[in-house]
Amino acid sequence: HTHLQVNGSSAKYLEDVWDMAEVVLADHPDAPKVIASLDSYCKMLMANQEPHSRERLDSWCQEAGL
């Protein structure tokens, strides 16, 4: 994703990605919010062709109130 533009089709590349997250986070009280935040984080990275970093993810989650 850092070398090719997704041209607004990031949702296509993330189809079925979050199914397992729902299972893993089943007991987490904010599971839907966590999954939505991770989804928007990944879409942002793809749209901006930016690499993932722990620091960036931490900042994203803090901004989302997680």
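Only this structure's heavy atoms are used, side chains among them; waters, hydrogens and symmetry mates stay out.
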Intermediate values then yes/no, salt bridge (Lys or Arg N to Asp or Glu O under 4.0 Å), K43 and D39: CA-CA 6 Å; K43 288 177 180 174; D39 183 63; 3.0 Å; yes

Find the distance between [atom1] ([X]) and [atom2] ([Y]) and round it off to the nearest 0.5 Å.
{"X": "W60", "Y": "S53", "atom1": "CH2", "atom2": "OG", "value": "12.0 Å"}
{"X": "L57", "Y": "S37", "atom1": "CG", "atom2": "OG", "value": "7.5 Å"}
{"X": "H52", "Y": "Y41", "atom1": "NE2", "atom2": "OH", "value": "4.5 Å"}

Exam field: side chain N48 to backbone M44, donor-acceptor pair closer than 3.5 Å: yes

Set of residues satisfying side chain to side chain contact (heavy atoms under 4.5 Å, CB included) with respect to A36, sequence neighbours excluded: none

Flag side-chain contact, heavy atom, 4.5 Å: S59 against E63: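 Result yes, sub-4.5 Å side-chain heavy-atom pair found.
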
Please list every donor-acceptor pair under 3.5 Å in which a side-chain atom of residues 23-35 meets a protein atom from a residue at least two apart or in another chain.
{"unit_1": "H28", "atom_1": "ND1", "unit_2": "D30", "atom_2": "N", "d": "2.9"}
{"unit_1": "K33", "atom_1": "NZ", "unit_2": "A64", "atom_2": "O", "d": "3.1"}

